[in-house]
Number of protein chains: 2
Amino acid sequence: MARPRKPLLSRERIVAAASALVDAEGLDAVSTRRLAAELGVSGPSLYNHFRNKDEILDAVADTVSAKVDLSMFDESDPRDWRTALHDWALSYRAALTEHPNVVPVLARGPGRRPAGLKVADAVFGAMVRAGWPAAQATQIGALMRYFVTGSALGSFAGGFVDDATAYDPSDYPHLGQAHLLAEHQEKVDEGAFETGLRALLDGLAARYEAGARTKRTGAAPSDRA
Amino acid sequence: MARPRKPLLSRERIVAAASALVDAEGLDAVSTRRLAAELGVSGPSLYNHFRNKDEILDAVADTVSAKVDLSMFDESDPRDWRTALHDWALSYRAALTEHPNVVPVLARGPGRRPAGLKVADAVFGAMVRAGWPAAQATQIGALMRYFVTGSALGSFAGGFVDDATAYDPSDYPHLGQAHLLAEHQEKVDEGAFETGLRALLDGLAARYEAGARTKRTGAAPSDRA
DNA sequence: ACCTGAACACCGTTCAAGT
DNA sequence: ACCTGAACACCGTTCAAGT
């Protein structure tokens, strides 16, 4: 048919189809030929809208970043960084666990993805506004990303096989119950995430208090190892 | 030539070649044909030693798990779980950052990989011995994996492009310095990891103390949200 | 500008054939 | 048992040709 009077494709349509395919069958299921077939066109057509396949996946990843709620960073008391960080982490994780297959793409960092940069901007800005020094605000953005993407990348509980004979007691004396993990996958992973998040925030709060104290007294920051 | 009198291949040789290829050029560079060529054989030969490509990558991943030091869990005072966990986390992260390209494979969980299971067994056993209830020992294993694999999966600092014009101040008011992150990649990522690890351990220690207290007094565990 | 088919240089895996 | 080449059903991407 060659060129139609009305374009058959658009970046939006391509991204929507790619997202659906990634969610349903995983990253490996996305081939340019398969995706094009799903859209009723031939493979090379996609290259009129994206430079390559990676750019399509980047766009898919950015739609996930765009789902992360950031309202807690401008609505609340700027000094209550702990609550904001907590609520943001829950929203962040929820967005990723809804689309676990795109996490490896997201883990490449924001790059030039607008929604990814918006997230980084909001977190960093809020931490600085709350009184964290810039270097530590950066660290908080980083360590939160480590924890959230790590938790969404792969289930902990689901990483153990559901087969009691896989855990020979003479090799793994403490894994006698490990075959039960798969059954309680969601509960275990969510519980671990909540426990870790709370510990992380408790630990950061203690450091924040110590920082505020040294500011008042003018003492050097205590760096107990 | 058909079958030689002495086998040309072995699982060990295949895994070694695959590891080198993954480290040097990434997961995508490992194709069965390329790997076979590197070993001086034809592609299908590999299938005499592994069921499929995924099994080869699993074996590669397990050699990385095998590099994680676990000695801190049996040598030290069982009650000093904090120090053991800290030292283990450093060794765990070091093993992964030496082979960042295999992290996505590792993130699938231990499955039936012996070294991966050994790690899970050692951490869980040590936490239980230290007095943590089994459910919380599981959570600690999980949340530590989240944090360490998340930190090794992709650099935070390196995820930002090294191009000041990518950060339009009207879009990202707080990212004016973000283009400098790439330059200090290692320092930023290591600092964030250490800060996060310390916060995590501080937070867990507080929870451990609270648990020990309720045990002594017989009170219900306080679960302040 | 936006689509097509043909082409290039690849993939993972199966299988019959060889020793 | 362990290797081979041929074959099948795929890949990502380029490019000239069509409107």
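Lettering follows sequence order; numbering is per chain, from 1.
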Exercise for the section: For the pair B:Arg108 and B:Asp54, find out whether any cationic side-chain nitrogen is under 4.0 Å from an anionic carboxylate oxygen. Expected result: yes

Handout entry: Cationic N near anionic O, under 4.0 Å, B:Asp171 to A:Lys118
Key = no

Problem - Results of salt bridge (charged side-chain N to carboxylate O under 4.0 Å, His left out) for B:Glu12 - residues two or more places apart only - result: none

Practice task
Using a 4.5 Å cut-off on heavy atoms from C-beta on, say whether the side chain of B:Arg113 contacts that of B:Leu106.
Solution key: yes

Practice task
Answer yes or no: is there a donor N or O on one side and an acceptor on the other, between the side chain of B:Arg11 and the main chain of B:His49, under 3.5 Å?
Solution key: yes

Exercise for the section: Would you name the heavy atoms of A:Phe124 and A:Thr138 that are closest together and state the gap between them? Expected result: CE1-OG1, 3.4 Å

Problem - C:dC10 and D:dA9, which share atom name P, separated by this distance in whole Å - result: 22 Å

Exercise for the section: Work out which heavy atom in A:Phe193 is nearest to a heavy atom in A:Leu90; give both atom names and the distance. Expected result: CE2-CD2, 3.9 Å

Problem - For A:Ile14 against A:Phe50, the heavy-atom pair lying closest together - result: CG2-CE1, 3.8 Å

Practice task
Using only side-chain N and O atoms of A:His49, determine if any of them is under 4.0 Å from OP1 or OP2 of C:dC3.
Solution key: yes

Handout entry: Audit row: B:Tyr146, A:Asp189, side-chain hydrogen bond (donor to acceptor under 3.5 Å, both in side chains) steps and yes/no
Key = CA-CA 10 Å; B:Tyr146 297 160; A:Asp189 280 299; 2.4 Å; yes

Practice task
Check each residue of residues 33-48 of chain A for a non-hydrogen atom within less than 4.0 Å of any atom in DNA chain C, then write out the ones that pass by number, or none.
Solution key: A:Arg33, A:Val41, A:Ser42, A:Pro44, A:Ser45, A:Asn48

Exercise for the section: Using whole Å, report how far CG of A:Leu8 lies from P of C:dT4. Expected result: 7 Å

Problem - Watson-Crick or G-U stems involving DNA chain C, each at least 3 pairs long, distances under 3.5 Å, ordered by first number - result: C:4-8 with D:12-16, C:12-16 with D:4-8

Practice task
Report the residues that fulfil salt bridge (charged side-chain N to carboxylate O under 4.0 Å, His left out) with A:Glu186, sequence neighbours left out, ordered by chain and then residue number.
Solution key: none

Problem - Contact summary for B:Ser155 and B:Gln185, nearest pair of heavy atoms - result: OG-CG, 3.1 Å

Handout entry: Residues in contact with DNA chain D, drawn from residues 10-17 of chain B - heavy-atom cutoff 4.0 Å
Key = none

Exercise for the section: Look at B:Glu38 together with B:Arg34 and state whether they make a salt bridge at an N to O cut-off of under 4.0 Å. Expected result: yes

Completion exercise
In numerical order, the residues of residues 50-60 of chain A whose heavy atoms come under 4.0 Å of DNA chain D are A:Asn52, A:Lys53

Exercise for the section: For residues A:Thr149 and A:Arg145, report the shortest heavy-atom separation together with the two atoms involved. Expected result: OG1-O, 2.7 Å

Exercise for the section: Give one of base, sugar-phosphate or nothing for B:Thr32, where a contact means two heavy atoms less than 4.0 Å apart. Expected result: base

